[in-house]
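See structure below.
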Amino acid sequence: MSIRIYNTLSREKETFVPLDPKRVTLYACGPTVYNFAHIGNARPAVIFDLLYRVLSRRFSNVIYARNITDVDDKINAAAAEEGVSIDVITRRYADAYHADMAALGVGRPTVEPRATDHIDAIVKMIERLIELGHAYEAEGHVLFNVENFSDYGQLSRRDRREMIAGARVEVAPYKKHPGDFVLWKPSSDDLPGWDSPWGRGRPGWHIECSAMSASHLGEVIDIHAGGQDLVFPHHENEIAQSRCAHGTDTFARYWMHNGFVTVEKRKMSKSLGNTLIVHELLKQWPGEALRYLLLSAHYRQPLDWSEKALEQAQTTLDRLYGLLRDHASDAFAEQVEPDPAVTAALEDDLNTPTALAALNGLARQLGHADPAERPALAARLRATGELVGLLQQDPEAWFSQRQVKVELSEADILNLIEQRQQARQARDFSEADRIRDQLADQGIVIKDGPDGTSWEVAAR
RNA sequence: GGCUAGGUGGCAGAGUGGUUAUGCAGCGGCCUGCAAAGCCGUGUACCUCGGUUCGACUCCGGGCCUAGCCUCCA
């Protein structure tokens with residue numbers, strides 16, 4: 001079996017064949033660090049982290065680049081508002097991004113390039129585009145000329161002429177064509193800027209990804225990924241710049257786009273004020289529950305976020321961790337392969353819902369397996385969880401993070417259980433139930449089993 | 001207006017031209033003094049109207065509805 005990927009370019013699921021199997025290249029558009037990430041920003045991070053894991057099983061050398069945009073007008077605005085320099089802002093939110101993503105089980109990419117470290121490469125690329133007649137200077141700006149790039153609109157399936165007709169934005173007077181976009185723009189003295197052949201200025205948004213992608217991965221890459229809203233104009237523009245600058249007929253061979261996280265069916269966005277900040281959610285919920293929920297829908301579908309769904313994800317994880325707690329893994333768990341049904345689902349265009357279904361099937365198998373087979377099944381469940389980025393905690397740690405505060409000492413608890421035990425033996429069940437209720441009120445759950453009574457701290 | 005996705009059981013959410021998704025909730029059972037947990041079992045679900053077909057939820061066409069992009073946006 002091979003890996004299948006839905007390619008936005010062809011609008012079809014294709015078999016993934018890398019240009020060079022010894023060096024597979026993946027680029028995902030990363031965050032602009034001017035505030036905390038919301039759960040919609042987390043979705044591509046989780047999805048493409050998973051893609052990287054899936055690719056890495058098949059190919060020994062996968063280079064995954066996920067950039068950090070650290071020069072942007074929104075960053076400038078945030079810095080101005082607080083009266084600090086932009087690097088105070090970008091450092092703060094880049095750190096927060098890393099912490100939040102780590103809590104969601106997202107690993108670090110192979111390289112994490114920053115726009116401000118690539119100004120030279122960006123300037124060189126723009127110079128080249130001007131030389132080749134694909135860009136022009138106007139009033140301190142440098143603009144890309146979409147007119148003489150005939151494939152413009154191929155990815156988003158847009159027609160240039162129709163775009164002019166339907167344009168709802170005022171067109172800057174210095175543009176030759178309404179679709180032309182900025183490669184470089186002038187900076188006033190109070191804004192961050194770099195010297196360039198066109199005066200002090202800063203890069204436009206699209207050019208940084210083209211420059212960083214070429215610097216770290218090469219002129220033609222295997223997979224380029226990002227959110228659906230980047231198809232146009234961001235990715236369309238990246239294709240135009242990169243192909244024109246490098247004289248290639250392909251920029252990225254496969255394009256992958258994730259759907260949005262919605263709230264009450266509406267896209268999560270700042271303008272609607274319906275964003276859910278990961279940093280805040282993590283105060284109330286385990287990161288792993290957020291990850292489970294993000295994986296519960298297929299990445300190209302919209303995912304409607306709700307507290308109810310989050311609770312369900314958490315309940316499901318409770319059950320899975322309960323099984324892992326009750327059944328010790330085989331000692332050689334590291335050598336166990338993930339469930340083939342799960343890898344097959346993931347290799348089929350990252351079908352995470354089917355993968356999670358298979359994971360649950362495996363758990364069910366474990367639940368009623370012959371005792372002799374359980375350690376091996378538990379190990380397999382762990383190994384499968386590792387691939388999807390779930391079930392890697394100590395089960396005790398999973399449960400304890402969710403426990404309520406308990407005032408009683410362990411001696412008190414054992415004492416009460418003993419009293420209840422005596423009441424039960426005396427068949428004074430009303431007294432036994434009273435003690436059980438009393439313990440429950442204080443956050444202790446009693447479980448009577450064949451080997452006596454055990455207890456645990458209740459979950460929140 | 002142009003372009004893109006989608007409409008599946010109480011909810012979430014995969015998938016398939018004729019056969020069990022899965023999770024959560026519900027119901028019945030096992031276990032228990034009763035519970036809890038766990039396990040077992042359990043649902044004539046595929047927007048609408050036509051067409052293709054021996055047979056369509058699955059393919060094709062029309063309609064209705066929803067969301068998204070066309071402007072910063074994951």
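Just so it is clear, the structure is predicted and the values come from calculations on it, not from any experiment.
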How long is the line joining [atom1] of [X] and [atom2] of [N], in whole Å?
X        : N     : atom1 : atom2 : result
A:Phe399 : B:G38 : CZ    : C1'   : 12 Å
A:Met256 : B:U4  : CE    : P     : 21 Å
A:Gln365 : B:C39 : CD    : P     : 13 Å
A:Ile444 : B:A37 : CD1   : P     : 16 Å
A:Asn360 : B:U20 : CG    : P     : 19 Å
A:Leu295 : B:G23 : CG    : C1'   : 13 Å
A:Tyr299 : B:A14 : OH    : P     : 12 Å
A:Lys447 : B:C39 : NZ    : C1'   : 14 Å

If [N] has a Watson-Crick or G-U wobble mate with both distances under 3.5 Å, name it; if not, just say none.
N     : result
B:A35 : none
B:C27 : B:G41
B:C3  : B:G68
B:A56 : none

Between [N] and [M], how many Å separate the two [atom1] atoms, rounded to a whole number?
N     : M     : atom1 : value
B:G38 : B:G23 : P     : 12 Å
B:U8  : B:G1  : C1'   : 32 Å
B:G41 : B:U4  : P     : 46 Å
B:C54 : B:C46 : P     : 24 Å
B:C60 : B:C73 : P     : 34 Å
B:A21 : B:C30 : P     : 27 Å
B:A35 : B:G28 : P     : 12 Å
B:U22 : B:U42 : C1'   : 16 Å

Of the options [options], whose atoms approach the side-chain atoms of [X] most closely?
X        : options             : answer
A:Gln301 : B:G33, B:U22, B:G6  : B:G6
A:Thr315 : B:A25, B:A14, B:A35 : B:A25
A:Arg11  : B:U4, B:A74, B:C24  : B:U4
A:Arg266 : B:A67, B:C40, B:C73 : B:A67
A:Phe429 : B:C3, B:A12, B:G33  : B:G33
A:Asp448 : B:G13, B:A35, B:G68 : B:A35
A:Ala357 : B:A67, B:U22, B:C70 : B:U22
A:Arg319 : B:C24, B:A74, B:A12 : B:C24
A:Arg158 : B:C69, B:G33, B:C72 : B:C69
A:Tyr6   : B:A14, B:C24, B:A5  : B:A5

Heavy-atom donor-acceptor pair, A:Arg291 side chain to A:Val388 backbone, under 3.5 Å: yes

Ring geometry between [Y] and [X] (parallel below 30°, tilted from 30 to 60°, perpendicular above 60°):
X        : Y        : result
A:Tyr299 : A:Phe48  : perpendicular
A:His234 : A:His206 : tilted
A:His257 : A:Trp255 : parallel
A:Phe181 : A:Phe144 : parallel

Close side-chain approach of A:Leu439 and A:Leu408, heavy atoms under 4.5 Å: yes

Minimum side-chain heavy-atom gap A:Gln312-A:Tyr292 below 4.5 Å: no

Less than 3.5 Å between a donor and an acceptor, one on the side chain of [X] and one on the base of [N], is that the case here?
X        : N     : result
A:Lys308 : B:C24 : no
A:Gln228 : B:G68 : no
A:Arg364 : B:C39 : no
A:Arg436 : B:A36 : no
A:Asp433 : B:G33 : yes

Short side-chain N/O contact from A:Asn41 to OP1 or OP2 of B:C73, under 4.0 Å: no

Short side-chain N/O contact to B:A12 OP1/OP2 from A:Trp305, under 4.0 Å: no

CZ (A:Arg11) with more than 12 external heavy atoms under 6.0 Å: yes

